[in-house]
Participant: 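To start, I am sharing the structure in question, which I have written as structure tokens.
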Protein chains: 2
Amino acid sequence: MTQETPPRGENTRLEIIRAAHDLFVQQGYHGTSMRQIAQRSGIALGSLYNHFSSKEEVFHQVFFTFHPYHWVIPALLESTGTTVEEFIRASVYRIWAAMKDQPDFLNLMFIEIVEFKSAHIGELYEILMPQVMQIIQQLMQSSSGQLRPIQPIMLIRLFIGSFLGYYLTEAAFAPVAPPEFSEGAIDQFIDVLLHGILNPSTG
Amino acid sequence: MTQETPPRGENTRLEIIRAAHDLFVQQGYHGTSMRQIAQRSGIALGSLYNHFSSKEEVFHQVFFTFHPYHWVIPALLESTGTTVEEFIRASVYRIWAAMKDQPDFLNLMFIEIVEFKSAHIGELYEILMPQVMQIIQQLMQSSSGQLRPIQPIMLIRLFIGSFLGYYLTEAAFAPVAPPEFSEGAIDQFIDVLLHGILNPSTG
DNA sequence: CCTACCGATCGGTAGG
DNA sequence: CCTACCGATCGGTAGG
């Protein structure tokens, strides 16, 4: 009985972290007040503290509930491809498609780095790295020389770095740059990750 | 006479924006108070408003005074190389060496995007893009087929994106990741930007 | 889950 | 350039 119905207050808790997420990514952590979170959640200020012991704990739960790894990892696990190139292209498109529902995800990372001085990154790393390392090692075993010799962890970093580079330039400059800045950009980033900017026929 | 001596208060103004810069990158914009800025500058709170009309104007001047383009552009102009690969490697190393003096520069960009919703990016773009486009077009004219066919503005985006990907992964994960995550990372990012992760001898 | 409140601190200003 | 102050708002809590 208690197993089938969600615990009392669970819906309220989820509404609070959803409201807090929206406000944090739009205004930052210190730019958002507990009163704003309460108002958007439709409850009184004091009631927030029945679900969260402090404002910091609200961010903690927002950060881990809305972190993209929840759907990035499944997207990677479901991707297939007979070559490394096909696998990576399929993975990026899956991640990219899922990302459209949460375009502001980078802002959470910025808040974490600047306003929290990366206080939660250790916990995130412990959750993430085992899963990601497993995926990447399977990829490298089945790649049989298709990849240049690069350490597994560096390959992860390059992959994440490419994604972040794409999203950060999009977030920062796409609103003011001409259309050529954004047209086909995701494919260009994939091409460069795979093949680089240099023409292989020269040099 | 007034031309040779700096205007009265100019030193104070510079001390204020230096103090504000340090506090902003460590705590964010809303996490930093005008009282903290005053204290670190060694003047009274009220005196700040003789130099800046508001807290927002303090950030505006911090953002444009400390933006990396001030030394990135010269670094690019002074770089040489007989091939595109040599030129890019030389450029990255120059920028990277200069970056060591200002490791927190990304935080200013994060504050700009999250807490100011990119309010100053248009102004930054107008300053930056003409200079960068000139550099990149010279590079493409003298490259004669060394580069794969990529639009100039996309080449800029890929270059900046690669840098941001490197710095963002470093800022976020280097403190908790093993040494292999950081060792030789800058060279790996350059190699991938130039040649990609795939082995050209296959596929 | 709400009302009403706490002390502390905020950005900014008057007046000198 | 400083002192002393303004109203507003902050995170958090008591008490019911």
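If you're wondering where the values come from, they're calculated on a predicted model, not measured in any experiment. When reading the values below, keep in mind they use all heavy atoms of this one structure, side chains included, and skip hydrogens, waters and symmetry mates. Letters A, B, ... mirror the listed sequences (proteins, then strands); counts begin at 1.
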Participant: Would you indicate whether the side-chain heavy atoms of A:Ile43 and A:Ile16 approach each other to under 4.5 Å?
Facilitator: yes
Participant: Within the structure shown, what part of the strands sits under 4.0 Å from A:Ser41 by heavy-atom distance: base, sugar-phosphate, or nothing?
Facilitator: nothing
Participant: Counting C-beta onward and ignoring hydrogens, is there a side-chain heavy-atom pair between A:His30 and B:Tyr29 closer than 4.5 Å?
Facilitator: no
Participant: Could you walk me through whether A:Phe105 and A:His67 pass ring-ring contact (aromatic ring centres under 6.0 Å, His included), step by step?
Facilitator: CA-CA 7 Å; A:Phe105 84 98; A:His67 196 283; 7.7 Å; no
Participant: Is A:Glu86 atom CD crowded by more than 12 heavy atoms from other residues, nucleotides or ligands, each under 6.0 Å away?
Facilitator: yes
Participant: Can you tell which of A:Phe163, A:Tyr166, A:Tyr93, A:Phe159 makes a ring-ring contact (aromatic ring centres under 6.0 Å, His included) with A:Phe189?
Facilitator: A:Tyr166
Participant: Does anything in residues 53-62 of chain B reach DNA chain C, meaning a heavy atom under 4.0 Å, and if so which residues?
Facilitator: B:Ser54, B:Lys55
Participant: Can you tell me how far CD1 of A:Ile190 sits from OG of A:Ser162, rounded to the nearest 0.5 angstrom?
Facilitator: 8.0 Å
Participant: Walk me through whether A:Gln151 and B:Phe181 qualify under side chain to side chain contact (heavy atoms under 4.5 Å, CB included).
Facilitator: CA-CA 9 Å; A:Gln151 294 231 29; B:Phe181 187 83; over 6 Å; no
Participant: Measure the distance from CD on B:Glu10 to P on D:dC1 and round it to the nearest whole Å.
Facilitator: 12 Å
Participant: How is the base pairing of DNA chain C summarised as a dot-bracket string, given the Watson-Crick and G-U wobble criteria with both distances under 3.5 Å, [ ] for crossing and | for another strand?
Facilitator: ||||||||||||||||
Participant: Among D:dG12, C:dC10, C:dG12, which is the nearest nucleotide to the side chain of A:Tyr49?
Facilitator: D:dG12
Participant: Using whole Å, what does the distance between atom P of nucleotide C:dT9 and atom NE2 of B:His30 come to?
Facilitator: 19 Å
Participant: What is the distance, to the nearest angstrom, from the CZ atom on A:Phe52 to the C1' atom on D:dT13?
Facilitator: 18 Å
Participant: Are side-chain heavy atoms of A:His21 and A:Phe63 found at a separation under 4.5 Å?
Facilitator: no
Participant: Below 4.0 angstrom, N of the basic side chain to O of the carboxylate: do B:Arg157 and A:Glu170 qualify?
Facilitator: yes
Participant: Just the atom pairs and distances: protein N or O near nucleotides 2-4 of chain D's N or O, under 3.5 Å.
Facilitator:
residue, atom, partner, partner atom, Å
D:dC2, OP2, B:Ala44, N, 2.6
D:dC2, OP2, B:Ser47, OG, 2.6

Participant: In whole angstrom, what separates A:Gln36's CD from D:dA8's C1'?
Facilitator: 14 Å
Participant: Regarding A:Arg18 and A:Glu15, does a basic nitrogen lie under 4.0 Å from an acidic carboxylate oxygen?
Facilitator: no
Participant: Just how far, in rounded Å, is C1' of C:dT9 from CD1 of B:Ile37?
Facilitator: 15 Å
Participant: Kindly point out which of C:dT13, C:dC10, C:dC5 is positioned nearest to the side chain of A:Arg35?
Facilitator: C:dC5
Participant: Side chains of B:Thr65 and B:Gln61: is there a donor and an acceptor less than 3.5 Å apart?
Facilitator: no
Participant: Please report, rounded to the nearest Å, how far the P atom of D:dA8 is from the CE atom of A:Met34.
Facilitator: 23 Å
